[in-house]
Amino acid sequence: MLDIHRLREDPMGIEKRLKTRDSSIELEEILTFDQKRLSLIHSIEQLKAERNRGAQEVGRCKKAGEDASELIASLSGVSNRIAEIDSELSRILSRIDHLMSLLPNVPHPTVPIGVKENKVTLRSFGKQPQFGFKVKDHLAIGEEKKILDFRRAAMIAGTRFPMYIGLGARLEMALIQFMFAHHAENGYTPVIPPFLGNSESLYVSSQLPKFADDIYHCEKDNLYLNPTAESLLANLHRGEIFDEDELPKKYVAYTTCFRREAGTYGRDERGLIRIHQFNKIEMFKFATPEQSYAELDQLVVDAEEILRKLGIHYRVALLATQDLAQQSSKTIDIEVYLPAQERYYEVSSCSNCEDFQARRGNTRYRPGTGKKPRYVHTLNGSGVATPRLMAAILENNQMPDGRIHIPEVLQEMIGEEFI
RNA sequence: GGAGGGGUAGUCAAGAGGUCUAAGACAACGGUUUGCUAAACCGUCGAUGGGUUCAUAGCUCAUCCGCGGGUUCAAAUCCCGCCCCCUCCGCCA
């Protein structure tokens, strides 16, 4: 949620920056309603002041045993006018809320403008592996090694659900434990939250109302299966006011995530590339506005460290305005290379949402004793999601004899060196 | 799922239609004094929105007593619906 004051103060400037994300965005309607809102508030508050004064006077009269029926009759008229204005005001407020809830965050000035392809590669680690043989894709490897079973998963649940079996399941659990422990040792407080969230939680994180079709919804209980732990963690301190010295507050969560992924899939998104259910380690930070951009950079570094320890080649990219999630001001992705597809795929997306989610969740901090509360900045980043990470390990670590080399840091947990 | 009890500002807590303009205490902050891991005394001390303003300073008006409605000239207080917590009962992979 953007600050309506910001829109009022600099409508042209804000609109121009929002248009770099979506050229169809117009602020005129919101600003018109906002003006209407202000004038209604002005009149209703004057009437309420009148009513309050009158009601007190009635109290005095009754206590003194005087007749107040004339005053009561006139106050009745005042109350009726208040009720009229109030119903118009709530119509306008809900209209403003609706329009505001659809607006995206203002992109940070350092974000490249334009389409997805305008993203900027910031750095990389390692290089694309060279194979002296024809590489298999992770799907073929998974089938051959009997560690992935999409056919039976489809029977149990449906298409695009994963099933890890045998060493595949061991590898998955080892990755989760390795990443969870890594971040916990790095100062992130470990947390396993509920995997389902209510509609308010998903609104705060900004998955709702825009992406309702992409989330699994349990209608009977009005609960949503989390599409990312971000949608839960953004609510961890809803309605709270931090002391300044508590920030930055860092969390690492493990959740299984669920996405309907409504829409079409391409041939290059088979196997583990895009699925309805996956495990993810998610980092989340609450920070002051002064801290947040340094914390974003550190968040990316903390996620990169996972891939370095696993010895996987990756690159880091700064996303362009049109590729940002609604709540994000700036997003940096980490992408791993899948040799069978000769393509890079996102395994981590690290974003600074500034005060966009904090405003919805009313999460603030007090910048010193006696100072007024300010909204915190929230940051989230995968650290990382497992499916593409596993695909990367299977494809990048295949050897001429067909075996898969398990990264050293996982070997002890799995009890094997090769698959 | 059922019965009962509860939800008041950072914490505890009074208040049961009309100076509630939400008491009081604790914590916190500022000061005075004594003099030293501290006490006593004085003062300040919730949030949001509107107006005024350079001001996120003051002043002022409005709103907020779990959330949402309703009754009334007037609601923390009465009525209806919902949420959460506690105790007990039922059901149960």
Side-chain angles (χ1 to χ4, degrees), chain A residues 1-10 30-31 33-98 100 156 193-204 218-224 232 235-247 249 286 288-290 354-355 358-377:
Chain A
M1 188 69 78
L2 294 178
D3 182 1
I4 188 94
H5 300 93
R6 240 176 122 185
L7 303 191
R8 266 183 224 155
E9 278 159 26
D10 182 20
I30 292 178
L31 291 165
F33 278 120
D34 183 50
Q35 283 310 308
K36 186 75 183 156
R37 173 179 154 267
L38 288 178
S39 91
L40 288 177
I41 284 176
H42 186 71
S43 16
I44 205 169
E45 287 193 350
Q46 278 188 333
L47 287 169
K48 281 183 175 178
E50 186 183 340
R51 182 192 65 188
N52 290 348
R53 281 193 303 269
Q56 266 185 16
E57 180 62 19
V58 170
R60 250 193 304 276
C61 289
K62 295 235 166 172
K63 209 166 243 177
E66 295 164 18
D67 177 36
S69 53
E70 210 169 293
L71 182 53
I72 288 176
S74 86
L75 287 176
S76 176
V78 174
S79 282
N80 288 340
R81 266 182 291 159
I82 289 173
E84 279 168 31
I85 296 175
D86 198 40
S87 72
E88 194 185 347
L89 183 59
S90 15
R91 271 201 309 276
I92 285 175
L93 286 179
S94 67
R95 186 70 192 149
I96 292 174
D97 271 359
H98 174 71
M100 289 292 288
I156 293 169
F195 287 10
L196 281 70
N198 56 34
S199 51
E200 189 178 351
S201 292
L202 276 94
Y203 171 75
V204 167
C218 308
E219 272 183 40
K220 212 167 175 180
D221 300 289
N222 196 24
L223 289 170
Y224 295 84
L232 311 166
N235 293 275
L236 211 45
H237 295 285
R238 202 200 284 165
E240 292 181 29
I241 301 175
F242 289 106
D243 291 333
E244 188 175 22
D245 59 15
E246 292 179 87
L247 302 178
K249 195 128 182 146
F286 297 89
T288 68
E290 290 73 24
E354 297 193 354
D355 63 4
R359 203 171 279 284
R360 290 189 176 192
N362 196 26
T363 306
R364 293 171 293 173
Y365 77 102
R366 199 178 294 280
T369 313
K371 298 279 177 54
K372 285 190 80 83
R374 297 169 78 196
Y375 289 107
V376 299
H377 281 192

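These values consider heavy atoms only, across backbone and side chains, with no hydrogens, waters or symmetry-generated copies. Letters A, B, ... mirror the listed sequences (proteins, then strands); counts begin at 1.
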Problem - Ionic contact status for A/Glu57 with A/Arg60, cut-off 4.0 Å - result: yes
Exercise for the section: With C1' as the reference atom in both, quote the distance from B/G69 to B/C83 in angstrom, rounded to an integer. Expected result: 15 Å
Exercise for the section: Name the nucleic acid region contacted by A/Arg366, choosing base, sugar-phosphate or nothing; use a 4.0 angstrom heavy-atom cut-off, strictly under. Expected result: sugar-phosphate
Practice task
Give the ring-plane orientation class for A/His237 versus A/Phe286, where under 30° counts as parallel, over 60° as perpendicular and anything between as tilted.
Solution key: perpendicular
Practice task
Under 4.0 Å between any heavy atoms, over every strand shown, what does A/Arg374 touch: base, sugar-phosphate, or nothing? Just pick one.
Solution key: nothing
Problem - Separation between the P atoms of B/U77 and B/G18, rounded to whole Å - result: 11 Å
Handout entry: Interatomic distance where CG belongs to A/Asp86 and P belongs to B/G50 [whole Å]
Key = 17 Å
Practice task
Return the value, rounded to whole Å, for the distance between atom CD of A/Glu9 and atom P of B/C54.
Solution key: 14 Å
Exercise for the section: May I have the distance from A/Tyr365 (atom OH) to B/U56 (atom P), rounded to whole angstrom? Expected result: 16 Å
Exercise for the section: With P as the reference atom in both, quote the distance from B/C26 to B/A39 in angstrom, rounded to an integer. Expected result: 12 Å
Completion exercise
Picking from B/A62, B/G50, B/G46, the nucleotide nearest the side-chain atoms of A/His42 would be B/G50
Problem - Same-atom distance (P) from B/A55 to B/U44, integer angstrom - result: 28 Å
Exercise for the section: Only one of A/Arg374, A/Glu244, A/Lys249, A/Lys371 passes side chain to side chain donor-acceptor pair (under 3.5 Å) with A/Tyr365; say which it is. Expected result: A/Arg374
Exercise for the section: Could you tell me whether A/Arg359 contacts a base, only the sugar-phosphate backbone, or nothing, with contacts defined as non-hydrogen atoms closer than 4.0 Å? Expected result: nothing
Handout entry: Distance in angstrom units between A/Lys372 NZ and B/G58 C1', rounded
Key = 12 Å
Handout entry: Check ion pair A/Arg238-A/Glu200 (N to O, under 4.0 angstrom)
Key = yes
Exercise for the section: Pull out every stem in RNA chain B, meaning runs of 3 or more consecutive Watson-Crick or G-U wobble pairs with both distances under 3.5 Å. Expected result: B:1-7 with B:83-89, B:10-12 with B:24-26, B:28-32 with B:40-44, B:46-52 with B:58-64, B:66-70 with B:78-82
Handout entry: Nucleotide B/U11, atom C1' - distance to CG of A/Asp243 in whole Å
Key = 14 Å
Handout entry: Heavy-atom check, side chain of A/Leu7 versus side chain of A/Asp34, under 4.5 Å
Key = no
Practice task
Find the distance A/Leu89:CG to B/U63:C1' and express it as a whole number of Å.
Solution key: 12 Å
Exercise for the section: For A/Ile44, answer base if it contacts any base atom (sugar-phosphate contacts may also be present), sugar-phosphate if it contacts only those atoms, and nothing otherwise; contact means non-hydrogen atoms under 4.0 Å. Expected result: nothing
Problem - Non-hydrogen atoms of A/Leu202 and A/Tyr224 that approach each other most closely - result: CD1-CB, 3.7 Å
Exercise for the section: Give a yes or no answer on whether the side chain of A/Asp243 reaches the backbone of A/Asp245 with a donor-acceptor pair at less than 3.5 Å. Expected result: no
Handout entry: Side-chain heavy-atom pair A/Asp355, A/His377 within 4.5 angstrom cut-off
Key = yes
Practice task
Please confirm whether any donor atom in the side chain of A/Glu45 sits under 3.5 Å from an acceptor in the base of B/G49, or the reverse.
Solution key: yes
Problem - Rounded distance in Å between the C1' positions of B/G66 and B/A47 - result: 16 Å
Problem - Between B/U71 (C1') and A/Arg51 (CZ): distance, integer Å - result: 13 Å
Exercise for the section: Look at A/Asn52 and B/U63 and indicate whether a side-chain polar atom (N or O) is within less than 4.0 Å of OP1 or OP2. Expected result: yes
Problem - A/Ser90 side chain to A/Asp86 backbone, donor-acceptor under 3.5 Å - result: yes
Handout entry: For A/Arg359 against A/Tyr375, the heavy-atom pair lying closest together
Key = NH1-CE1, 3.5 Å
Practice task
Quote, to the nearest angstrom, the P distance that separates B/A13 from B/U52.
Solution key: 43 Å
Problem - Donor-acceptor pair between A/Asn198 and A/Ser201 side chains, under 3.5 angstrom - result: yes
Fill in the blank from the handout: Between A/Ser79 and A/Lys48, whichever has its closest RNA chain B nucleotide further toward 5' is A/Lys48
Polar atom pairs between nucleotides 15-21 of chain B and protein, under 3.5 Å, N or O only, would you list them?
residue, atom, partner, partner atom, Å
B/G18, N2, A/Ala55, O, 2.7

Completion exercise
Looking only at B/U48, B/G49, B/A62, the nucleotide nearest the A/Ile41 side chain is B/G49
Exercise for the section: Can you tell me the distance, in whole Å, between the CG atom of A/Leu71 and the C1' atom of B/A74? Expected result: 11 Å
Practice task
Determine the interatomic distance between P on B/G4 and the same-named atom on B/C82; round to the nearest Å.
Solution key: 14 Å
Handout entry: Spacing of the P atoms in B/A57 and B/C42 (rounded, Å)
Key = 29 Å
